[in-house]
> 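First the structure, which I've put down as structure tokens, then a few questions once you've had a look.
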Amino acid sequence: MSDKVHLGHRARKRFGQNFLNDPYIIDGIVSAINPQPGENLVEIGPGLGALTEPVAREVDRLSVVELDRDLAERLRHHPDLADKLTIYEGDAMKFDFTQLSSEENPLRIFGNLPYNVSTPLMFHLFSFAGKVKDMHFMLQKEVVNRLAAGPNSKAYGRLTVMAQYYCKVVPVLEVPPTAFKPAPKVDSAVVRLIPHKELPHPTTSLKWLERVCREGFNQRRKTVRNCFKSLIDAETMESLGIDPSARPESLSLAQFVALANWMDANHQ
Ligand code: SAM
């Protein structure tokens with residue numbers, strides 16, 4: 001049988017379908033999530049249920065968001081799961097997660113994410129960070145490295161700064177391609193993202209924070225003075241504690257936020 005057919009379903013590349021198929025890894029992920037009865041768990045991309053089944057065993061109810069109509073239909077008829085699941089058929093990137101959250105019961109989101117859309121999906125999820133207790137995601141290992149990176153490294157970039165703006169990032173587990181069917185071409189890793197209860201470096205303008213990150217990381221080889229010369233002069237930069245001759249990739253989250261907040265106060 002083709003490597004692409006798993007439990008009678010032909011994996012769809014366009015939906016980033018690589019199904020977990022290794023009980024040891026599945027156990028490791030479920031232990032990391034540590035689901036408890038009464039908690040508000042939400043899975044993105046349940047697929048054929050590799051994580052859904054063991055998590056559902058531990059909780060009273062589980063919400064899932066699945067884009068593939070055939071897979072959502074299979075879950076609706078799953079003999080052990082149908083009663084416990086609330087199935088949302090649709091695109092998680094457009095899903096309003098606030099509808100599932102409550103003050104008393106913040107969201108615990110998890111999933112083996114479709115790698116082709118994992119970065120925009122995470123940006124979408126960050127906008128709900130205030131409603132979320134934690135998130136556990138399987139991602140390309142390279143993406144986990146980017147989430148967890150520090151300044152002055154190749155992995156440090158816009159995704160790092162925005163993720164660490166909202167969340168504490170904890171890499172949990174590395175996963176080889178052989179744990180999936182079909183096997184992806186890349187190594188994978190599981191990461192835990194814990195939204196800060198209070199943002200350590202709040203910005204007055206997310207729009208400006210996103211813009212300084214984008215412009216900074218798009219011009220990594222330039223000095224910060226040259227990157228932002230139409231927006232801020234070198235002296236003002238120094239007064240914010242930023243060396244104008246530094247490269248953007250050496251700026252800390254606090255320094256990106258200081259730049260963004262100055263821009264917000266001084267530009268339209
Ligand atoms: N959780 C399963 C597992 O671990 O075996 C499947 C993981 S597979 C990598 C990704 C899953 O996300 C697939 O079920 C796929 O159909 C679903 N998916 C892809 N894009 C999606 C999107 N935009 N919104 C919701 N689900 C999506």
Side-chain angles (χ1 to χ4, degrees), residues 3-33 35 41-59 62-78 80-81 84-97 99-100 107-128 132 135-144 172-192:
D3 178 44
K4 293 201 173 66
V5 178
H6 183 47
L7 301 176
H9 172 83
R10 176 167 290 276
R12 297 187 163 117
K13 216 175 164 177
R14 71 177 184 286
F15 291 153
Q17 291 178 352
N18 298 94
F19 299 103
L20 271 168
N21 188 36
D22 178 328
Y24 177 79
I25 298 287
I26 292 170
D27 254 20
I29 298 170
V30 177
S31 306
I33 300 171
L41 281 115
V42 183
E43 181 177 9
I44 297 178
L48 293 160
L51 296 172
T52 324
E53 289 180 35
V55 169
R57 270 200 290 278
E58 306 300 324
V59 295
L62 172 59
S63 303
V64 300
V65 185
E66 174 58 63
L67 181 59
D68 185 323
R69 188 186 298 171
D70 294 343
L71 292 179
E73 187 59 15
R74 268 178 80 131
L75 287 170
R76 272 185 211 109
H77 299 287
H78 192 295
D80 308 322
L81 288 174
K84 276 202 176 178
L85 296 188
T86 307
I87 301 169
Y88 297 89
E89 188 184 312
D91 185 348
M93 282 199 285
K94 297 190 184 133
F95 191 77
D96 178 7
F97 286 87
Q99 66 180 290
L100 303 180
L107 299 171
R108 301 197 66 207
I109 304 178
F110 68 99
N112 168 15
L113 296 189
Y115 292 173
N116 50 348
V117 293
S118 64
T119 299
L121 184 49
M122 274 191 290
F123 275 103
H124 178 63
L125 290 166
F126 293 152
S127 66
F128 302 99
V132 173
M135 304 186 262
H136 290 82
F137 294 133
M138 172 88 76
L139 296 161
Q140 264 177 263
K141 187 174 150 195
E142 182 223 311
V143 176
V144 171
V172 174
L173 185 75
E174 295 196 1
V175 181
T178 48
F180 303 83
K181 226 174 153 199
K185 292 205 173 67
V186 291
D187 285 330
S188 301
V190 176
V191 70
R192 176 181 297 133

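Note that the structure is predicted; figures quoted are calculated from it, not measured. Indexing begins at 1, ligand by ligand and atom by atom, following the structure's order.
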> For G47, is there any backbone N or O sitting under 3.5 Å from a side-chain donor or acceptor partner on E66?
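Answer holds: yes.
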> List the residues meeting side chain to side chain contact (heavy atoms under 4.5 Å, CB included) with L67, not counting sequence neighbours, and say none if there are none.
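L67 satisfies side chain to side chain contact (heavy atoms under 4.5 Å, CB included) with F15, D91 only.
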> Counting N and O atoms only, with roles assigned by atom type, does the side chain of N112 sit under 3.5 Å from a partner on the main chain of N18, one being a donor and the other an acceptor?
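Indeed, once roles are kept as given, a pair shorter than 3.5 Å links the two residues.
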> Counting each atom of ligand 1 from 1 as listed, which ones have a heavy atom of D68 under 4.0 Å away?
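Per the distance check, 16 (O).
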> What is the minimum heavy-atom distance between G28 and L173, and which atoms define it?
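Shortest heavy-atom contact: C-CD2, 4.3 Å.
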> Between the candidates K181, H6, E66, which shows the shortest non-hydrogen contact distance to atom 16 (O) of ligand 1?
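When every heavy atom of K181, H6, E66 is considered, E66 comes closest to atom 16 (O) of ligand 1.
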> Quick check: does N18 get an N/O under 3.5 Å from an N/O on ligand 1?
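No, N18 has no N/O under 3.5 Å of an N/O on ligand 1.
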> Please identify which atoms of ligand 1 are closer than 4.0 Å to at least one heavy atom of L67.
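Near L67, the atoms of ligand 1 are 20 (N), 21 (C), 22 (C), 23 (N), 24 (N), 25 (C), 26 (N), 27 (C).
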> Using a 3.5 Å distance criterion without hydrogens, assess whether the side chain of E58 forms a donor-acceptor pair with backbone atoms of V55.
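Pair absent, no side-chain N/O of E58 close to backbone of V55.
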> Of the options T52, I87, L81, which is the one that meets P46 in a side-chain contact (heavy atoms from CB on, under 4.5 Å)?
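It is T52; the other options fail the test.
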> Using atom types as modelled, flag every donor-acceptor pair under 3.5 Å from a side chain in residues 182-191 to any protein atom, sequence neighbours excluded.
unit_1, atom_1, unit_2, atom_2, d
S188, OG, Y115, OH, 2.7

> Under 3.5 Å between any N/O of L20 and any N/O of ligand 1: does that happen in this structure?
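Between L20 and ligand 1, an N or O pair is found under 3.5 Å apart.
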> Who gets closest to atom 11 (C) of ligand 1 by heavy atom: A11, G45, S118?
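It is G45 that holds the nearest heavy atom.
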> Give the minimum heavy-atom separation between G111 and E43, together with the two atoms involved.
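Closest pair (atom of G111, atom of E43, distance): CA-CG, 4.4 Å.
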> For ligand 1, which atoms have a heavy atom of G47 less than 4.0 angstrom away?
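The list of qualifying atoms is 6 (C), 14 (O).
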> Would you mind listing which atoms of ligand 1 come within a distance below 4.0 Å of any non-hydrogen atom of P46?
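Counting from 1, the qualifying ligand atoms are 1 (N), 2 (C).
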> Side chain, backbone, both or neither: which part of E43 comes within less than 4.0 Å of ligand 1 when only heavy atoms are counted?
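Answer for E43: side chain.
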> Looking at ligand 1, does any of its N/O atoms fall within less than 3.5 Å of an N/O of V117?
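Such a contact does not occur with ligand 1.
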> Under 6.0 Å between the ring centres of F95 and H124?
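No.
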> Mind running side chain to side chain donor-acceptor pair (under 3.5 Å) on Q17 and H9 for me, showing each step along the way?
CA-CA 10 Å; Q17 291 178 352; H9 172 83; 3.0 Å; yes
> Within the structure, is a non-hydrogen atom of K94 found at a distance of less than 4.0 Å from ligand 1?
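Judged by the 4.0 Å heavy-atom criterion, K94 does not count as contacting ligand 1.
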> Which of these, L75, N112, L139, has its nearest heavy atom closest to atom 7 (C) of ligand 1?
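Looking at heavy atoms only, N112 sits closest to atom 7 (C) of ligand 1.
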> Give the numbers and elements of all ligand 1 atoms closer than 4.0 Å to a heavy atom of A92.
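Every atom of ligand 1 under 4.0 Å from some heavy atom of A92: 22 (C), 23 (N), 24 (N), 25 (C).
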> Under 4.0 Å from a heavy atom of V65: which atoms of ligand 1 are those, numbered in the order shown and with their elements?
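So the answer, numbered in order with elements, is 25 (C), 26 (N).
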> Write out the residue and atom name of the closest protein heavy atom to atom 20 (N) of ligand 1, then the distance separating them to 0.1 Å.
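Among all protein heavy atoms, the one nearest atom 20 (N) of ligand 1 is P114 CG, 3.4 Å.
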> Salt bridge between R76 and E89, side-chain N to carboxylate O under 4.0 Å?
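Here R76 pairs with E89 in a salt bridge, since their nearest N and O are under 4.0 Å apart.
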> Would you check if L41 and S63 make a side-chain contact, meaning some heavy-atom pair closer than 4.5 Å?
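Contact flag for L41/S63 side chains = no.
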> Does the side chain of K4 come within less than 4.5 Å of R12's, by heavy atoms?
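No, side chains not in contact.
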> Using a 4.0 Å heavy-atom cut-off, say whether T52 meets ligand 1 through its side chain, its backbone, both or neither.
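Neither; no heavy atom under 4.0 Å.
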> I want to know if ligand 1 touches D91 in the polar sense, i.e. an N/O pair below 3.5 angstrom.
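It does: an N or O of D91 is found under 3.5 Å from an N or O of ligand 1.
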> For ligand 1, which atoms sit closer than 4.0 Å to a heavy atom of A50?
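Here the atoms of ligand 1 in question are 5 (O).
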> Among all protein heavy atoms, pick out the one at the shortest distance from atom 19 (C) of ligand 1; state its residue, atom name and that distance to 0.1 Å.
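The protein heavy atom lying closest is F15 O, 3.0 Å.
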> Of all the heavy atoms in G90, does at least one lie under 4.0 Å from an atom in ligand 1?
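For ligand 1, residue contact (heavy atoms, under 4.0 Å) with G90 is present.
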> Report, in ascending order of atom number, the atoms of ligand 1 lying under 4.0 Å from any heavy atom of G16.
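Within the 4.0 Å cut-off of G16, ligand 1 contributes 8 (S), 9 (C), 10 (C).
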